[in-house]
Amino acid sequence: MFRPVSNKVSLPQLENQVLSFWKDHHIFEKSVEARRGAGQFTLYEGPPTANGSPGIHHVLSRVFKDIIPRYKTMKGLYAPRKAGWDTHGLPVELEIEKMLGFTSKAQIEDYGVARFNAHCRESVFRYLKEWEAMTERIGFWLDMEHPYITLDNSYIESCWWALKQLWDKGLVYQGYKVTPHCPRCGTSLSSHEVALGYRDDAQDPSVYIKFKVAKSVYKSPGFLEKLRKGYGDREADFVKWLIDLTGEKPVYLVAWTTTPWTLPGNTALAVAADAEYGIVEVDEAYLILASVRLGKVGLGDAPLVAKVTGSDLVELRYEPLFNPFDFGVTVTRMDTPEKEGQPPSNVKWKQLASFNYPVIAGDFVSLEDGTGIVHMAPAYGEVDYDAGARKGLDFVHPVDLQGEFTGNYPFSGRFVKDADPLILEDLGERGLLYRSGTITHTYPFCWRCEAPLLYYAKRTWYIGTSREKEALVLGNAKINWYPEHIKYGRFGDWLENNVDWAFSRERYWGTPLNIWSCSSCGNYECVGGIDELKAKPDLKGLVEPLDLHRPFVDGITFACSKCSGEMKRQTEVLDCWFDSGAMPVAQWHYPFENCDDFDRSFPADFICEAVDQTRGWFYSLHAISTLLFGRPCFENVICLGHILDAEGEKMSKAKGNVVDPWAMLESYGADATRWYLITSSPAGNVRRFSGSIVAEVMRNFLFTLWNTYSFFIIYANIDQFDPKLPASPSLTDLDRWVMSRLNELIADVDNALDNYDPTTAGRRIETFVDELSNWYVRRSRRRFWKSQSDADKLAAYTTLYHCLVTLSKLLAPFTPFVAEEIYRNLVCSVDSEAVESVHLTDFPIADRAQVDTQLVDATRLAMTVCSLGRAARAKAGIKVRQPLSRVLVKVRSAAERDGLQRLASQILDELNVKEVEFAEGELTGDERGYALAEEGDYWVAVATEISSELKAEGIAREVVRRLQTMRRSAGLDIADYIVTYYQGGDIVQQVMTEFADYINQETLSRELVSAPPPDSSYAEKYRISDSEIVLGIQKVTG
RNA sequence: GGGCCAUUAGCUCAGUUGGUUAGAGCACGGUCCUGAUAAGACCGGGGUCUGUGGUUCGAGUCCACAAUGGCCCA
C-alpha cells in the first residue's frame, strides 16, 4: 500500500516535514558521502556579506547554486559544498556607526577600536543566524556546520600568506590614489556612498586662468640644445619660433576650472594633440587656446596671430601660479615614473629642489567645454594623478585631511571652499584671471554630513594586477560564462582595461594589513603568517590568545632586519574583496593545513553570483588566483541578472518595495519559489519579481504534478497495484507515446543541466507534466477505472508509475521537497530495500530505444485533430457528451493518415464519435451536414446529424454525469457501491434499460430501480433533453 | 560621459540558420468537459514585435542611430 495522500496539499507544511526527514536522517551528508572516492565537483560558495537580512535576490542565487551540485551528485560525482560568510568591511562598520550615532572616524577612535570591533563581530553573527535559517528553508544544501568565516584567525592568516606571496613577487607597492574624501568625516567614501550624494544644483566658480609661458627658461644658456636632445627638433623649433613671434610681450595659456582651490596644486597643463589652437593678441599680450573655443569665451573677434596644433605646444614650460617654494610647500615626484606599458614598481617618492611645469598631451582633453587646455593637479584628480604617474609630473599637495590649506599662503588655514574667492582675488590682482563667473552643475556631497566631497590623492597600497593582464585575459578565455556575452563583454572589457588594485583601507573592521614598516629607516616587511610573526626578533606587544584584528595587532612590534629599529604595523586593513577573493586558499587555511582539501577543490567547477560581481567577487577570485597560481580558479560560472520589483524598479529599503522571501516561503513554499526563479526567465536576464506568479506556478505546475501523483495513489491503492510485479508486456500506443516523451525529456533535461541551463530543463519538465496530466492520464482514466484487472490496466499502472518515479528524480535538483515526497511514497512505501531518499538515487538515463518519433509525431497530430474537432463541435453547438456518427479529417499525406489511423481509438474517444474517415485534398462541398474547423493544412469536420440512437446514448452519458456529480455531493467514497432510483418519461425508461450495463459500470451501481427514490437516498430532479428526470442514489453497505 | 544587457498582448515569457497569417500561460468574457485536478478544452477581445533609417525578393530576427529601463565604470 502506498500512503494515501490528499489532493488538497499544503506545500509549505509538507516541506517542513521533508526538512525534518532530511535532518533526522542526515540525507545531505549521506548524499555527499555516498559519492566519496568518485570524481569531485566543486562549488565555491561566494560568501554572502553578513551585514543584513537576506532578500529575494539572495534566494535566487542560492537556488541556482543548489541545483547544479544536486544534479552532479545524482550523476555520480562527489560534491562537498562548504558554506562561507563574508564578515568584514565598511558596510558592517557603517551600521555600527549608525547604531552608536557616530559621524566620523575620530569618534570611533575615542570610543575605542576594541569596543567598536566587538560590536561589528556581534552584529555579523546575528545576521548569520537569519541566513542559516533561510538557507535551510529553501533547501539549499550546504555544509553550514563547517563554514569558512572571513573573521577567523585561520582565514586571516591565509590572506596574509596570499598577500606575502604577491609581496615576494614584487607585486605590492605603495602609491597614491585619488578618492572622494569628506573633509568633515575625515574619511574616503566608497563609490556607492558617493552615488548617494550627487546634487545637480551645486553652485561653483567657473573661472578662466592665465598661465604665463616661461620664456625666461628658454633664454637660459644651452636650454634649447638640451630640449632638442631630450625631446627632438620639433619642440625646440617651436619654442624658438614662438619667442621670435611674441618678442617681449607675455604669452598665456588659458585654462578653465570650477575648483580654484586646486590651482596651488597645479603642475601641468594638458592639450589635445590633434586639435588646432589659436594665438590671439589682446592688450599687449598673447593668449593661447583651442580655436573652436575662442568664440565661446569672447575672443572670436580678437586678432588671430597664428594657428598651431596641440602637439606643438607640448613641452612648453610655464610659470607656477603659486610657486610652492615661496609658500613653504614641498614638491615631490615619483622616482621611477610609470611609463606606458611598463609595470609599476615599488615607487619611492623623492623631494625636489626645483619644479618643472610642462604642457602635456592628453586624450582626455575635451573641446566641448573650457578652453581645450586642461589644468592638471595630480593631487586632486584621478585623471590628473594617472597622467602625473605616467609622465613623472611634480606633485604638490598643500591641503590637509580637514580640507584646510597648509603652508604659508595668504589663505593658509582656510577651508578650501572658503579659500576659493581669496585665490581668485589674488590671481586677479596679478592679472592672471581672464574671466570669472559661476556655474550650476552636478557635484557629489557627503551623504552623511552634506559637506562637499574633495577629490584627494591619498597614500594607498596597490597590487600590480595590470602587470599580469595578459595572464588574466588568457585565463578568462578558458572559463565558460553563462550567459556567454559576459565573457568578452563586461568581464573581458574589465580585464582589458585592468588597473592596479588599490586594496588598503583606512578602517577598523577587516583583515589587518600585514605590512610592518621601520620607524627608523623606512624599511618595509610583509609578514606571511603567525609563526613567522612570532619568530621575529625582539617581538613585543603580542597578546595571547591572539586575535588577528585591530587593535590587538596594532601594538605588535619587532626589530627591523636592516637597522634594528622598531617595526610598526601599517594601520590599514584589507579591502574585503581581498578576503572573499582569497577563499580558494583561505577556506582551507591553506597552506598551513588541509593542503589535500585545497588541492582537490581547486579550481572550482562552478560558481554562481549576480552580474554586479563582475567587478566584485568574480574579479577578486580571478585576480588573486591568477597572481598566486597563474590560472583561473573557476571553470563554469552562471552570472545572474538582477531582480527588480513588479514595476521594474530596483528594490531598496528606502522605496519599501523589497520582497521578503519568508512571505513567499510561508504562502507558497520553497519549491514554488524555486520553480518560479528557475523557469520564469533565463538566469542572466533581469527579472521583475511577482508574487502572483509564484502562486500561479504553484497552481499550474506543482498542483498539476501533485494531482497526477495523488490520482495514481488513489487508484493504485484501490487496485492494490504492486510495482514490483514484472512490467506488463501489453503496452498500448498511449503508453509507448508517454514513454517516448519521457525518454526525450530525460535526454533534454540532462543535456540542459550539463550546459548549466536549468531554465530550459525546467521548462521541458513543465511541458511533460502538462502532457502527462492532460493527455496521458486524461486518455487513460478509463483504464484505471474499469473493474477488471487485466494486462491493459497493469500496463497503465506500470507506465504511470514509471513516469512519476522518473519525474521525481528529474525534479530532485529543482524542487527537492515535492520530489522527495513523491519518491518516498511511490518507492520507499512499498520497497524496504530502496534507498531512503530521491537525493541518493542516480539521475535517470535516457533510453533512446524507447523513443518512437513516428508515434510522437502522430500523437501531436492527433492532439491537433482533437482540438479542431472540439472547435467544430462548439461551432455546431453540440456538447462533447453527445455522441456523433463520424468525423472527417483532412491530412496532408498517406503517412499522416496511417499515423492517425493507428491512433483512431484515441480520437474517437476524445471527440465522442463513432468513426473517423480521412480525406486528402481541398474541401469539396460534400461536407453538408458537417460542422468544420480548420487550421493550416488541416481541417476536421464532424457530422452534425443526431439519430435517435445517438440521442439515447447522449442521454445515457448525461445521466452518468449527473449520477457522478450526485455521488460526490452525497459524500460517497470513490469506490462505494450504490443503488440507483429513477423516474421519468418514455425516453428515460428506454435509456435506463438500454444502457443499464454502461450506467451501472460507470457509476458503480448494483442496480437501476425504476421507482421514486426512498427518503434515505440522495435525490435530485433534472431536465435532460426536454424530459423531466428524478434520480436518487443510495449507498450499498457490505 | 563610456561600456554591457534588455524592450514581443494588460502581466510573465517563447519565437531555431532571415521565409506562410508572430505564439503560450496568467488575467477578462462566453461555452464546454470532468469522480485526479486549485486543473483542462473550445471560442472571443487584446500586438504599428520600443522608435527611425538601412541591407534584402522577404526583417520580430541582420546593421546603424535614438528612446526607455537595469547593471557596471567615469
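Because the structure is predicted, anything quoted here is derived from the model rather than measured. A note on names: the letters A, B, ... follow the listed sequences, proteins ahead of strands, and every chain is numbered from 1.
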Between protein and nucleic acid, restricted to nucleotides 24-28 of chain B and to nitrogen or oxygen atoms under 3.5 Å apart, what atom pairs and distances do you find?
| unit_1 | atom_1 | unit_2 | atom_2 | d |
| --- | --- | --- | --- | --- |
| B/rG25 | O2' | A/E696 | OE2 | 3.4 |
| B/rG25 | O2' | A/N700 | ND2 | 3.4 |
| B/rC26 | O4' | A/E696 | OE2 | 3.2 |
| B/rC26 | O2' | A/E696 | OE1 | 3.2 |

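The C1' atoms of B/rA36 and B/rU21 are separated by 38 Å, rounded to the nearest whole Å. Here, B/rC57 and B/rC43 have their C1' atoms 37 Å apart, quoted to the whole Å. Taking the P atoms as reference points, B/rU20 lies 14 Å from B/rU61, given to the whole Å. As rounded to the nearest Å, B/rU17 and B/rG25 have C1' atoms that lie 28 Å from one another.
A/D384 places a side-chain N or O within donor-acceptor distance of the main-chain N or O of A/A377, the cut-off being under 3.5 Å. Side-chain N or O atoms of A/Y797 include one that pairs as donor or acceptor with a backbone N or O of A/Y715 at under 3.5 Å. A distance-only check finds no donor-acceptor pair linking the side chain of A/N717 to the backbone of A/M1 [under 3.5 Å].
Across all strands, A/V499 comes closer than 4.0 Å to no nucleic acid atom at all (heavy-atom distances). A/V383 comes within 4.0 angstrom of no nucleic acid atom, judged by non-hydrogen atoms across all strands. Within the nucleic acid shown, A/R763 comes within 4.0 Å of sugar-phosphate atoms alone, with no base atom in reach, counting heavy atoms only. No contact: A/I713 has no heavy atom under 4.0 Å from any strand. Using a 4.0 Å heavy-atom distance criterion, A/D973 is classed as a base contact. A/K875 comes within 4.0 angstrom of nothing in the nucleic acid, heavy atoms only.
In this model, the phosphate group of B/rU37 is approached by a side-chain N or O of A/R968 to a distance below 4.0 Å at OP1 or OP2. Remark: A/R881 is in phosphate contact with B/rC33, judged by side-chain N or O atoms under 4.0 Å from OP1 or OP2. Applying the 4.0 Å criterion to OP1 and OP2 of B/rA36, one finds that A/Y715 has a side-chain N or O inside that range. The phosphate of B/rC42 has OP1 or OP2 within less than 4.0 Å of a side-chain N or O from A/S867. Contact check, A/R870 against B/rC33: no side-chain N or O comes under 4.0 Å of OP1 or OP2. Between A/R957 and the phosphate of B/rU34, there is a side-chain N or O to OP1/OP2 separation shorter than 4.0 Å. At B/rU34, none of the side-chain N or O atoms of A/R778 fall inside 4.0 Å of OP1 or OP2 (strictly under the cut-off). A/S681 has a side-chain polar atom (N or O) that falls below the 4.0 Å cut-off from OP1 or OP2 of B/rC13.
Salt-bridge annotation for A/E958 and A/R962: present, with a side-chain N of the basic residue lying under 4.0 Å from a carboxylate O of the acidic one. Look at A/R968 and A/D973 and you find no salt bridge, because none of the NZ, NE, NH1 or NH2 atoms lies under 4.0 Å from a carboxylate O. By the 4.0 Å N-to-carboxylate-O rule, A/E1002 lies too far from A/R967 to be salt-bridged with it.
Ring geometry for A/F618 against A/F491 counts as perpendicular: the plane angle is over 60°, on a 0 to 90° scale with 30° as the lower cut.
Here the P atom of nucleotide B/rC73 and the CZ atom of A/F491 are 13 Å apart, to the nearest Å. Whole-Å rounding puts the A/F712 CZ to B/rU37 P distance at 17 Å. Look at CD on A/E496: it is 17 Å from C1' on B/rC72, rounded to the nearest Å. The CD-P distance, from A/E484 to B/rC5, rounds to 12 Å in whole Å. Following rounding to the nearest Å, A/D612 (CG) and B/rG3 (P) show an atom-to-atom distance of 21 Å. Separating the CG atom of A/D748 from the C1' atom of B/rA14 is a distance of 16 Å, rounded to the nearest angstrom. One atom, CD1 of A/I907, and another, P of B/rA41, lie 18 Å apart when rounded to the nearest Å. Taking atom CD of residue A/Q964 and atom C1' of nucleotide B/rU34, one finds them 10 Å apart after rounding to whole Å.
A donor-acceptor contact under 3.5 Å links the side chain of A/R961 to the base of B/rU34. Below the 3.5 angstrom threshold, one finds a donor paired with an acceptor across the side chain of A/R490 and the base of B/rC71.
Side-chain contact of A/T965 with A/R961: a donor-acceptor pair under 3.5 Å is present, judged by distance alone. Defined by atom type and a distance below 3.5 Å, a donor-acceptor pair is missing between the side-chain atoms of A/N476 and A/H622.
RNA chain B is contacted by both A/Y676 and A/W494; A/Y676 maps to the nucleotide lying nearer its 5′ end (nearest heavy atom per residue).
When every heavy atom of A/A872 is checked against every heavy atom of A/V942, the shortest pair comes out as CB-CG2, 4.0 Å.
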### Summary
Note, RNA chain B 5' to 3' with Watson-Crick or G-U pairs under 3.5 Å encoded as ( ), [ ], | and . gives (((((((..((((.....[...)))).(((((.......))))).....(((((..]....)))))))))))).

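By the side chain to side chain donor-acceptor pair (under 3.5 Å) test, A/R490 pairs with no residue at all, sequence neighbours left out.
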